[in-house]
Amino acid sequence: MTADLRRSSEGLSPSPAPGEDLTVVPKRHPGRWVAAAVVVLIGVALLRSVVGNERFQWDVVNLYLRDVSVAQGLWLTIWLTAVCMVVGVVLGIVLAVMRISANPVIRSGAFGYVSFFRGTPLLVQLLFWYNLAALYPVITLGLPGIHLDANQLITPLTAAILGLGLNEAAYMSEIVRAGIISVDHGQQEAAGALGLTRSQTMRRVILPQAMRVIIPPTGNETIGMLKMTSLVSVLAVPDLLYSAQIIYNRTFQPIPLLIVASIWYLVVTTLLTIGQFYVERHFARGNKVLPPTPLQRLRALLATHTPLAKGDLS
Amino acid sequence: MTESTSTRLTAASHESQNDPMVRAEQVRKSFGRLEVLKGVDLTIGRGEVVCMVGPSGSGKSTFLRCINHLERVDGGRLWVDGQVVGYEQRGNKLHELADKEICKRRGQIGMVFQHFNLFPHMTVLENLIEAPRLALKQPKADVTLRALSLLEQVGLADKRSAYPRHLSGGQQQRVAIARALCMQPKLMLFDEPTSALDPELVGDVLAVMRDLASSGMTMAVVTHEMSFAREVADRVVFFDAGQVVEEGPASQVINDPQHERTRAFLRAVR
């Protein structure tokens, strides 16, 4: 025991004189290096098996990636996503404001809407809208002079927009409501004390601040919507997926054409993710230090690393 | 003159110099089963500075919020500038006001909050010009000029483009005062304006309030700053348990309180 103690005290280096430079040895992370190597290994193996496998028919993929009808389908998918999201967001805001109304009838109306559209499968809703003419052959909206043929009015595309948009509104209303609740109550009081009306307060003070909370999940919803639009292929709406299906039903090459569709979905979701980053930055103003953009990050990386002398970084 | 035109002109004609700015008679207010105001009688004259002091929960903040109708009065009567708060008197009937009319009257009363409540997504200048542009529909150029001169007055002209989070608490509260003044109110309400501030920042805010008082603004101030009350207030009102227990000239209430509850409170805050 005593011998041990003595040895360890002998091993201690004498404390350096003040002002003397000490070499800093950073902590090593061998575990991380091993894990990273495993990840790279798996990635390379996966890539090789996919690229090297002739049954993927990459030449066919390459051929149809720029096919006209695929491009038209892609355009319809993007267009449908945008329209349905606009319907969803606008109606979602209305529903969210209804949910916080002082009037219990308005509140329960919004609650009932959300329960119904969240509680039934989207595919079933789409099929219902598609078959609306079976339930209401003539649409009058209860107004005199209006007499519309449901079969003509509800085309597959209208059914798709109604189904996707109304369903989205239910989810968006919950997102918007969460955003509104997240804004400090004092903001509403301050706006009220300044003489702003309730709708001015909502538009100019509450919603812009709620956006910080609303944007990230809305980005998620948009990306989800892009892929959910593929459900409209059951209504024979020629979106990206259905266009690919039409082609492979003719050529009997389903795998490469599904890959073509997937690549395009991936490209658009990537673009949407980038867009979401910048929209989030815009609405974060005044609230926190903005995260750097990738370009700024690259510049910062180059700026900090060039002046360092060799050996400063291990 | 017909009956309807005379009512429409009331906003201007009510401002007879004889009416006090605020008159309260037996004002009552309950939150659920808790009665917060149990019959408050109080008058604030034009150009008068009244400090309301008292223990927390005594109802002084609630009373202040009743004045601009942020809280609804349950009983008694409350007049601001000769008009019943939240109602319009036609003949011997009181008609509850539409939201739009309530907003219009609120815009004539400035309020400063304990936690500033600046709009964090707007710059300092945007905070000031927002309400005059939206509520009063005044042109941007005019409002901006007025806002800049107010920022000058509160000593923050160089902060016009800053966002609130980049300002200290004291600076934020001075912006909040300027924001309220930019509506050109006839009455200013202060709800514990220095309670959330670090001690060294209180002085700047009180200095701005002192300037405002000497400019002749009618002010109702809920505060714990006894030295400010003694120096600036024309009158001090002591609240306890939802009632006005004692009121009088600042020097008298603070230096020579008549009521035992006032004396106990003043001993505690000194």
Side-chain angles (χ1 to χ4, degrees), chain A residues 93 96-98 100-104 106-107 175-176 178-216 218 276-292, chain B residues 61 64-65 67-71 98-124 126-137 161-167 172 175-176 179-185 187-191 196:
Chain A
I93 292 175
V97 173
M98 284 170 71
I100 54 172
S101 162
N103 183 323
I106 295 175
R107 253 190 344 252
I175 291 172
V176 174
I180 292 173
I181 293 172
S182 77
V183 178
D184 180 41
H185 184 65
Q187 293 289 307
Q188 202 181 321
E189 288 202 330
L194 282 165
L196 298 188
T197 64
R198 236 177 292 182
S199 74
Q200 284 170 338
T201 303
M202 190 51 85
R203 268 200 337 269
R204 303 284 305 181
V205 177
I206 308 291
L207 282 179
Q209 294 184 61
M211 280 300 174
R212 223 160 28 95
V213 175
I214 292 173
I215 294 291
T218 304
Q276 182 184 352
F277 176 81
Y278 285 97
V279 174
E280 273 176 37
R281 265 177 71 87
H282 173 76
F283 281 104
R285 75 194 185 114
N287 263 297
K288 56 179 178 190
V289 182
L290 295 175
Chain B
S61 282
L64 201 69
R65 295 157 61 83
I67 295 176
N68 69 349
H69 209 246
L70 279 182
E71 303 289 355
D99 286 351
K100 203 179 157 191
E101 202 57 32
I102 288 175
C103 290
K104 200 173 148 196
R105 288 202 194 167
R106 267 193 199 138
Q108 298 167 352
I109 303 170
M111 185 158 189
V112 175
F113 299 87
Q114 182 179 357
H115 295 289
F116 334 131
N117 297 353
L118 292 178
F119 304 136
H121 59 301
M122 299 180 191
T123 64
V124 166
E126 286 167 348
N127 263 279
L128 262 67
I129 66 175
E130 182 73 7
R133 291 197 59 205
L134 259 69
L136 304 178
K137 310 263 184 283
S161 308
Y163 283 101
R165 70 176 293 273
H166 297 124
L167 304 180
Q172 289 193 46
V175 172
R179 178 176 70 172
L181 290 174
C182 206
M183 286 291 284
Q184 300 177 304
L187 164 66
M188 284 286 286
L189 310 175
F190 293 84
D191 190 3

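Among all heavy-atom pairs drawn from B:Phe116 and B:Arg179, the shortest one is O-NH2, 3.5 Å. For A:Ile215 against A:Glu280, the heavy-atom pair with the smallest separation is CG2-CG, 3.5 Å.
At distances below 3.5 Å, at least one donor-acceptor pair connects side-chain atoms of A:Gln187 with backbone N or O atoms of B:Leu118. Under the 3.5 Å distance criterion, the side-chain polar atoms of B:Asn117 are matched with a main-chain donor or acceptor of A:Gly186.
Within the 4.5 angstrom heavy-atom criterion, atoms from both the backbone and the side chain of B:Phe119 approach chain A. Looking at B:Arg105, neither its backbone nor its side chain comes within 4.5 Å of chain A, counting heavy atoms on both sides. With a 4.5 angstrom heavy-atom cutoff, B:Leu134 touches chain A via backbone and side-chain atoms both.
Residue with the most contacts toward chain B among A:Val183, A:Asp184, A:Val205: A:Val205 (heavy-atom pairs, distance under 4.5 Å).
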